[in-house]
There are 2 protein chains.
Amino acid sequence: MPARDTDPPAPRKRADAERNKQALLEAAAAAFVDFGVDAPVRDIAVRAGVGVGTIYRHFPSRADLIVAVYRHQVQACAQAAPALLASSPSPHHALTTWIDLFVDFLITKHGLAEAMHSDAAAFEPLHAYFLDHLLPAVTLLLDAAVDAGQINPIDPLNLLQGVGNLCIGASADSRYNPRHLAAVLVRGLRAIPD
Amino acid sequence: MPARDTDPPAPRKRADAERNKQALLEAAAAAFVDFGVDAPVRDIAVRAGVGVGTIYRHFPSRADLIVAVYRHQVQACAQAAPALLASSPSPHHALTTWIDLFVDFLITKHGLAEAMHSDAAAFEPLHAYFLDHLLPAVTLLLDAAVDAGQINPIDPLNLLQGVGNLCIGASADSRYNPRHLAAVLVRGLRAIPD
DNA sequence: TGCTAAACGGAACCAGGTTCCGTATCGTTT
DNA sequence: AAACGATACGGAACCTGGTTCCGTTTAGCA
């Protein structure tokens, strides 16, 4: 199988198109830092030196753009799960650490957590992408911790969305501390001592 | 003292103005049920049989309107705290029950939780109102539970916002279950058994 | 060098919140 | 009862920000 995992049936793209797509990715990443993931389209277009139409051509919905920008980091986060499970002293410890990682990722992407669960249809691809990649990760960790008798069972999706929600509205200056809350939440999962 | 507790320096309002304000309150409440707290202004205006200008005259910001609509329920929620503390078998139990009450309130008001922590300046009054009324309530419960040695200390504001965040995106049809998550969170506060 | 399809730019469009001001109404005063 | 000033009203106009559309440009190939 030739070049699997990286778009097998590539219908050949024009060089300028590829160049613009790349420019947009960088421009969007920069704009997201300044404005959050709701950065104005026109602003992104200007930064990339293209017209707004070009944004929509490459990324039909905002979710597509967001996914493209954060793809690597989401994958890294997902892949950390098995690694942590192998290297941690206990499954519960691995779970706690992974959640911490996830929280860190979300709170550094201003507005991502908000967008994550937006009911708007336009964000469905984003939602789907995150779930596709991160749900297996949490599930792995939760199953291991449950099997070890360390935590009570919980729907992985529920936990993932809950932690995602906790990260909404976080900012360096406020008293609000999602990291702590997420830790308390995971602590609340621990089995037995009632 | 004459008529304290109900606008002492009332500069006399025109009857029609008062009538419209009342109509708007009812229209908004209805619209909030159908569309959530982001209900279109024009829609609210139509329901109340007034022009949009009238909305802005009575409620300069959307937050003012939301506060006015939910004022009573927020107060009821706040007042439930001391009552629960008195009637519950333990402070931790009272806390759990109160959080449940708070969650119920939020998830039945579509979009309220989202609006609650919006960083937009227009929502500041809403934020302030909620905090003014509910922060004392949680603080009371938390202090009691801490004093009884049942939970580890936590910033009341942090907990309140966290639970508020958990309620975002809840809907009857989805798997997402904020009630359960909030319960797990409170469970994670319990002291000692480490 | 010429040709065609792919890609581009940005003006035009649309939706929804907000403002503004000419008009209507209330409540009081004569 | 009539008139008057203050108060409140309505809704068109405006602004912002996302989305669409089409005439123009350009890459890639013959």
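By convention in this document, chain letters (A, B, ...) are assigned in the order of the sequence lines, proteins followed by strands, and residues within each chain are numbered from 1.
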Notebook entry, point to check: How far does the helix from C:dT1-D:dA30 to C:dT30-D:dA1 bend, going by the axes of its first and last five pairs, to the nearest 10°?
Noted result: 20°
Next item on the list: Using side chain to side chain contact (heavy atoms under 4.5 Å, CB included) as the criterion, list what pairs up with A:Ala122, not counting sequence neighbours.
Entry: none
Checklist line | Residue list, side chain to side chain contact (heavy atoms under 4.5 Å, CB included) with A:Asp16, at least two apart or on another chain | finding: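 Listed in chain order: A:Arg14, A:Arg19.
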Notebook entry, point to check: Could you give the start and end, 5' to 3', of the contact zone on DNA chain D for chain B, using atoms under 4.0 Å from its heavy atoms?
Noted result: D:dA6 to D:dA13
Check: Looking at residues at least two apart in the chain, or sitting in another chain, which of them share a salt bridge (charged side-chain N to carboxylate O under 4.0 Å, His left out) with B:Glu18?
Finding: B:Lys13
Check: Which residues pass the salt bridge (charged side-chain N to carboxylate O under 4.0 Å, His left out) test with A:Glu26, sequence neighbours left out?
Finding: none
Check: In chain order, what residues pass the ring-ring contact (aromatic ring centres under 6.0 Å, His included) check against B:His133, with sequence neighbours excluded?
Finding: B:Tyr129
Are [Y] and [X] linked, directly or through intermediate hydrophobic residues, by side-chain heavy-atom contacts shorter than 4.5 Å (ILVMFWY only)?
X	Y	result
A:Leu112	B:Ile168	no
B:Leu84	B:Val146	yes
A:Leu189	A:Phe102	yes
A:Val163	A:Val186	yes

Checklist line | Under 3.5 Å side-chain donor-acceptor pair for A:Asp100 and A:Thr97 | finding: no
Only distances under 3.5 Å count here; give the side-chain donor-acceptor pairs of residues 39-50 of chain B to other protein atoms, sequence neighbours excluded, each with its distance to 0.1 Å.
unit_1  : atom_1 : unit_2  : atom_2 : d
B:Asp43 : OD1    : B:Arg47 : NE     : 2.8
B:Arg47 : NH1    : B:Asp34 : OD2    : 3.4
B:Arg47 : NH2    : B:Asp34 : OD2    : 2.9

Notebook entry, point to check: Is any side-chain N or O of A:Asn20 closer than 4.0 Å to OP1 or OP2 of C:dC8?
Noted result: yes
Item checked: Distance-minimising heavy-atom pair for A:Tyr176 and A:Leu181 -> CE1-CD1, 3.3 Å
Next item on the list: Taking all heavy atoms of A:Val37 and all of A:Ala115, pick out the closest pair and write down the distance.
Entry: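 The pair with the smallest heavy-atom distance is CG2-CB, 4.0 Å.
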Notebook entry, point to check: Which parts of nucleotides 24-30 of chain C does protein reach within less than 4.0 Å, heavy atoms only, written one letter per nucleotide 5' to 3' as B for base, S for sugar-phosphate only and - for none?
Noted result: -BSS---
Next item on the list: Give, for atom CZ of A:Arg190 and atom CG of A:Leu95, the distance between the pair rounded to the nearest 0.5 Å.
Entry: 12.0 Å
Item checked: Where at least one partner belongs to residues 40-62 of chain B, residue pairs that pass ring-ring contact (aromatic ring centres under 6.0 Å, His included), sequence neighbours excluded -> none
Checklist line | Selection: residues 54-70 of chain B, any non-hydrogen atom under 4.0 Å of DNA chain D | finding: B:Thr54, B:Arg57, B:His58
Margin query: So if I take residues 31-43 of chain B and measure heavy-atom distances to DNA chain C, which residues fall below 4.0 Å?
Written below: B:Asp38, B:Pro40, B:Val41, B:Arg42
